[in-house]
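Quantities reported herein were computed from a predicted structural model and do not represent experimental measurements. We count ligands from 1, going down the list as the structure has it; atoms in each ligand are counted the same way.
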Amino acid sequence: MIFAPASITCIFSPHVDSNPKNSGSIGVGFTIERGLQASPSRKTTINGEEWNFPTLDDVLEKVGLEGVEIKASLPFGCGFGMSGAAALATAVLGNLGYIEAADIAHVAEVENFTGLGDVVTQTFGGVVVRKSAACPSRAELERFFWNAEFDFVVMGEISTKDVIGDELKRRRIGEAGKRWTKEFLKKPTLENLFHCSNGFARETGLLELVGDAVEAVESAGGKAAMVMLGKTVFAVNGFEALKEFGEPFKARLDCCGVRRL
Ligand SMILES: Nc1ncnc2c1ncn2[C@@H]1O[C@H](COP(=O)(O)OP(=O)(O)OP(=O)(O)O)[C@@H](O)[C@H]1O
Ligand SMILES: CC(C)(CO)[C@@H](O)C(=O)[O-]
């Protein structure tokens with residue numbers, strides 16, 4: 001059984017090239033100790049259901065597997081990079097080398113507009129700063145292994161495809177994403193991660209989707225920011241304040257990438 005961690009994107013700058021291996025995003029994200037598990041199977045199911053999931057179909061075909069059974073402990077479409085996790089865990093189930101498998105998952109994500117940087121983050125793990133937009137074998141990155149626990153609340157979905165499939169939206173987000181990634185690297189601390197994530201979300205107009213929850217945590221003395229791309233918030237010292245917006249849960253930072261359990 002292969003485990004792939006969820007990927008929380010805080011800042012991103014999309015880059016779509018004609019070669020999917022050179023497409024992806026520059027940005028900052030991190031993995032958590034929750035995600036999904038994949039086991040070989042004759043039929044493809046997600047938590048027992050059959051879905052129309054082209055990203056996953058592409059991976060299965062490329063690695064030569066008949067099907068996969070995915071058990072996910074977080075929702076899809078809410079900013080946890082679950083499509084990337086499903087693609088990566090499935091690719092690693094095949095009999096290829098690890099980095100080759102990771103590249104296959106990345107290409108499937110990019111080609112189907114279900115994600116750009118998640119597979120790179122999930123291949124390596126920790127707080128991952130993607131300094132170049134490319135597949136795992138080509139990406140230039142920095143990683144940080146903090147001892148951190150986050151609070152999350154999910155308030156709804158955002159379609160990744162609607163945002164990254166639209167060239168105008170991509171361009172607007174792109175410039176801010178690069179600048180705030182650089183700003184985070186000047187001082188890679190937990191406090192600055194919240195500062196830079198909020199700066200990015202505010203400038204791109206994305207923050208308004210979750211602004212009330214972020215403000216509630218800050219008024220109660222905690223730190224909070226938006227999870228890209230979902231109506232989801234991550235926080236520290238935010239659990240109580242987030243109860244007003246849904247059912248919060250806690251998860252620790254995970255410093256490993258995809259792995260066999
Ligand atoms: N009932 C369903 N709920 C969610 N996703 C579904 C369902 N049925 C099929 N899918 C497929 O699963 C994919 C989920 O990918 P999506 O990129 O939205 O999730 P994600 O990686 O968790 O996103 P993000 O991290 O950006 O929020 C969809 O693109 C769709 O193809
Ligand atoms: C586009 C994205 C924000 C979707 O979750 C993510 O894949 C990323 O960080 O590039």
Practice task
Anything with a heavy atom under 4.0 Å from ligand 1 counts, so go ahead and list those protein residues by chain and number.
Solution key: Trp51, Asn52, Phe53, Pro54, Phe76, Gly77, Cys78, Gly79, Phe80, Gly81, Met82, Ser83, Thr114, Thr160, Leu229

Problem - Modelled atom types, side-chain donor and acceptor of Thr114 and Thr55, under 3.5 Å - result: yes

Problem - salt bridge (charged side-chain N to carboxylate O under 4.0 Å, His left out) evaluation trace for Lys43 with Glu50 - result: CA-CA 8 Å; Lys43 226 169 60 183; Glu50 288 181 47; 3.5 Å; yes

Problem - Donor-acceptor pair, side chain of Gln37 and main chain of Ile2, under 3.5 angstrom - result: no

Handout entry: Lys NZ or Arg CZ of Arg34 over Phe249 ring: under 6.0 Å, within 45°
Key = yes

Can you pull every nitrogen or oxygen pair between ligand 2 and the protein closer than 3.5 angstrom?
unit_1   : atom_1 : unit_2 : atom_2 : d
ligand 2 : 5 (O)  : Asp118 : OD2    : 3.2
ligand 2 : 7 (O)  : Leu116 : N      : 2.7
ligand 2 : 7 (O)  : Gly117 : N      : 3.1
ligand 2 : 7 (O)  : Asp118 : OD2    : 2.9
ligand 2 : 9 (O)  : Thr9   : OG1    : 2.8
ligand 2 : 9 (O)  : Arg130 : NH2    : 3.3
ligand 2 : 10 (O) : Ser25  : OG     : 2.6
ligand 2 : 10 (O) : Gly117 : N      : 2.8

Problem - Lys/Arg-Asp/Glu bridge criterion (N-O < 4.0 Å) met for Glu218, Lys223 - result: no

Handout entry: Salt-bridge criterion met for Glu175 and Lys178 (N-O under 4.0 Å)
Key = no

Exercise for the section: Identify whether the distance between the nearest side-chain nitrogen and carboxylate oxygen of Arg179 and Glu203 falls below 4.0 Å. Expected result: yes

Handout entry: Short N-O contact, Lys169 and Glu167, less than 4.0 angstrom
Key = no

Exercise for the section: Please determine if Arg130 and Asp118 form a salt bridge, counting it only when a charged side-chain N lies under 4.0 Å from a carboxylate O. Expected result: no

